[in-house]
Amino acid sequence: MFDFVFHNPTKIVFGRGQEQSIGLELKQAGVKKVLFVHGRNSIKRSGLFDRVAASLKESGVRYVEFGGVDSNPVLSHTRQGVKRAKQEGVDGVLAVGGGSVLDEGKAIAVGAKAADDVWHYFTGRKVTEALPVFTVLTLAATGSEMNGNAVVTNEETKQKYNISSPLVYPRVSILNPELTCSVPPAYSAYGAVDAIAHVIEGYFTRKAGTHLQDRLVESIIKTVMETTEVIMREPGNYEARAEFMWGATLALNGLTTAGLKEYSFPNHMIEHSLSAIYNIAHGAGLAIVMPAWMKWYCRKNPSRFERFAREVFGLEGSMAGIEALEKWFVSIQAPVRLRDGGIPAGDIEMIAENGAALATLWGISDMYRKEEIADILRLAV
Ligand code: NZQ
Ligand code: ZN
């Protein structure tokens with residue numbers, strides 16, 4: 001076990017109907033007026049918008065509505081949000097939706113306190129101030145509800161980059177599994193792929209770690225797979241939605257990587273290029289990248305893959321787990337080849353170039369040059 005600091009400041013309020021307490025949470029935190037950030041229409045359709053608005057009213061917290069966040073949020077809309085937050089003089093951000101809404105909300109929280117353009121904080125400038133962020137999560141997948149990341153696409157330059165700062169951890173996140181029962185099957189599948197991706201990055205790339213961390217990861221993967229199979233059959237199954245939701249949160253809140261050494265997120269790096277260029281859903285892009293990356297990386301660390309096959313699938317051999325995972329992705333109707341996602345194989349060089357730029361920003365460009373990224377993508381043809 002290597003030395004580490006684990007400090008996750010997010011308060012989680014978990015359970016049925018908990019969104020009703022959001023007004024009180026904001027009031028107790030001293031917030032008087034929030035930018036109420038949401039997506040296209042899911043929270044209006046479900047009635048959640050009205051319930052949250054009623055809770056705010058009851059607690060005397062004012063709000064300014066800012067809807068229309070895209071899945072794969074974009075910089076132009078984020079900038080509009082920053083402008084709105086500044087004009088209205090809000091003292092907090094309330095993001096109600098999936099990972100995209102939470103991420104854009106976090107970015108707005110940074111931009112609202114900054115004198116310069118918010119994009120600088122995605123390309124290396126350190127965040128020194130941000131409005132407090134509060135969330136009500138409606139789609140379990142990204143872990144954004146309990147981490148300090150915010151991913152946004154600059155649609156002009158086709159760069160999908162992230163802010164990473166302790167200042168954008170949500171102060172409070174409400175997790176009501178009931179709210180996720182209306183997530184369509186495709187996004188439920190993508191959420192499962194994403195949660196699995198979050199834990200396997202550290203599991204396979206770490207230079208050293210412990211059995212505890214390995215077992216946490218294997219347990220999260222097995223739980224995500226089992227509950228997803230129930231959710232696919234019974235979308236309204238509360239217990240499965242609840243267990244899945246907490247599993248997805250734990251998958252990227254710092255728990256599974258604490259005490260690891262020298263790990264990286266190459267699958268995410270490559271996927272962000274697919275989302276940036278083709279606007280493919282993040283989990284769908286990961287389902288294409290992950291089996292390809294695993295086949296490429298397996299040679300570098302076969303014993304990890306043998307363990308993965310044995311512990312997760314009860315199979316022997318380094319390739320067996322990769323094949324089983326890919327088969328499972330197919331079973332939940334996630335795409336596993338570039339063509340399944342409508343991505344032409346002829347674009348591989350261009351995608352690899354986009355990915356290599358992010359590799360430089362993430363400090364992993366020695367292992368992931370354009371050539372290696374192209375080799376990985378060729379395994380997804
Ligand atoms: O826009 P609305 O109408 O709300 O519809 C959304 C959207 O179309 C819909 N939806 C959400 N909750 C729903 C629902 N539909 C019915 N019922 C509900 N309860 O689902 C669609 C997808 O939502 P989105 O927020 O885009 O999905 P997800 O949560 O998977 O977020 C994906 C984004 O998060 C980023 C991804 O790159 C992507 O941009 N990530 C964020 C991370 C983080 N902050 O730590 C880490 C991840 O690796 C990832 O990169
Ligand atoms: Zn992810």
Side-chain angles (χ1 to χ4, degrees), residues 71-72 141 151 153 157-160 185-187 189-201 203-205 221 225 264-302 304-306 308-309 312-313 315 317-360 362 364-381:
S71 178
N72 290 336
V151 193
T153 300
T157 58
K158 304 278 182 220
Q159 291 166 305
K160 186 169 188 177
Y187 273 102
Y190 303 155
V193 175
D194 195 20
I196 292 171
H198 292 157
V199 290
I200 66 113
E201 299 269 34
Y203 182 85
F204 287 120
T205 63
I221 296 173
M225 290 176 68
S264 57
F265 271 62
N267 293 279
H268 277 74
M269 178 194 77
I270 299 171
E271 194 296 310
H272 283 189
S273 293
L274 299 186
S275 285
I277 300 168
Y278 306 98
N279 198 21
I280 187 172
H282 174 61
L286 284 170
I288 295 168
V289 172
M290 240 191 302
W293 175 84
M294 288 168 118
K295 287 168 198 163
W296 179 83
Y297 195 78
C298 182
R299 279 169 273 152
K300 298 185 194 298
N301 202 349
R304 298 297 295 156
F305 285 85
E306 280 162 21
F308 173 72
V312 177
F313 293 102
L315 297 170
S318 58
M319 284 301 289
I322 303 173
E323 284 160 11
L325 185 66
E326 182 173 327
K327 218 165 137 194
W328 189 77
F329 287 166
V330 172
S331 78
I332 58 168
Q333 295 185 7
V336 291
R337 293 288 180 270
L338 290 169
R339 63 174 172 278
D340 301 339
I343 299 167
D347 287 0
I348 282 179
E349 295 290 323
M350 184 259 291
I351 303 166
E353 198 163 332
N354 187 294
L358 188 53
T360 302
W362 285 10
I364 51 174
S365 55
D366 45 349
M367 185 180 271
Y368 297 97
R369 297 169 306 167
K370 184 181 164 191
E371 293 73 27
E372 283 80 21
I373 299 172
D375 284 347
I376 294 167
L377 288 167
R378 275 187 212 103
L379 294 170
V381 171

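Keep in mind that this is a model prediction, so the values were computed, not measured.
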For residues 317-326, please give each side-chain donor-acceptor pair under 3.5 Å, one per line with the distance, not counting sequence neighbours.
from: Glu326; atom 1: OE1; to: Lys295; atom 2: NZ; distance (Å): 2.8
from: Glu326; atom 1: OE2; to: Arg337; atom 2: NH1; distance (Å): 3.1
from: Glu326; atom 1: OE2; to: Arg337; atom 2: NH2; distance (Å): 3.0

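Residues passing the side-chain contact (heavy atoms from CB on, under 4.5 Å) test with Met350 are Ile277, Tyr278, Asp347, sequence neighbours excluded. Remark: Ala380 pairs with Ile288, Ala292, Leu338 by the side-chain contact (heavy atoms from CB on, under 4.5 Å) rule, at least two apart or across chains. Under the rule for a side-chain hydrogen bond (donor to acceptor under 3.5 Å, both in side chains), Trp296 has no partner lying at least two apart in sequence or in another chain. Evaluation of the salt bridge (Lys or Arg N to Asp or Glu O under 4.0 Å) rule for Asp375 yields Arg378 as partners, not counting sequence neighbours. Taking Thr360 as the reference, Ser365 meet the side-chain contact (heavy atoms from CB on, under 4.5 Å) condition, with sequence neighbours excluded. Residues passing the side-chain hydrogen bond (donor to acceptor under 3.5 Å, both in side chains) test with Asn279, sequence neighbours excluded: Asn72. Scanning for ring-ring contact (aromatic ring centres under 6.0 Å, His included) contacts around His282 gives His268, His272, with sequence neighbours left out. Glu372 is linked by a side-chain hydrogen bond (donor to acceptor under 3.5 Å, both in side chains) to Arg369, counting only residues two or more places apart in sequence or in another chain. Tyr203 pairs by the ring-ring contact (aromatic ring centres under 6.0 Å, His included) definition with nothing, not counting sequence neighbours. Not counting sequence neighbours, the partners of Asn354 by the side-chain hydrogen bond (donor to acceptor under 3.5 Å, both in side chains) test are Ser273. Here Ser264 pairs with Thr205, Pro266, Ile364 under the side-chain contact (heavy atoms from CB on, under 4.5 Å) rule; sequence neighbours left out.
Separation of atoms CZ (Phe204) and OH (Tyr297) is listed at 10.0 Å; rounding is to 0.5 Å. Interatomic distance, NZ of Lys370 versus CD1 of Ile348, reported as 11.5 Å (0.5 Å rounding). Taking CZ of Phe305 as the reference point, atom CD1 of Ile200 lies at 7.0 Å (rounded to 0.5 Å). Remark: Ile221 CD1 to Phe308 CZ distance equals 5.0 Å, nearest 0.5 Å.
In this structure, the side chains of Leu358 and Tyr368 stay at 4.5 Å or more apart for every pair of heavy atoms. Looking only at side-chain heavy atoms (C-beta outward), Met225 and Ile196 come within less than 4.5 Å of each other. Between Leu274 and Ile351, the closest side-chain pair of non-hydrogen atoms falls below 4.5 Å.
Glu201 places a side-chain N or O within 3.5 Å of a backbone atom of Asn267 that can act as its donor or acceptor partner. Side-chain N or O atoms of Ser275 include one that pairs as donor or acceptor with a backbone N or O of Ile280 at under 3.5 Å.
The 12-atom threshold is exceeded at CD of Glu371, counting heavy atoms of other residues, nucleotides or ligands nearer than 6.0 Å.
Nearest approach of Ala374 to Glu349, heavy atoms of both residues: CB-OE2, 4.1 Å.
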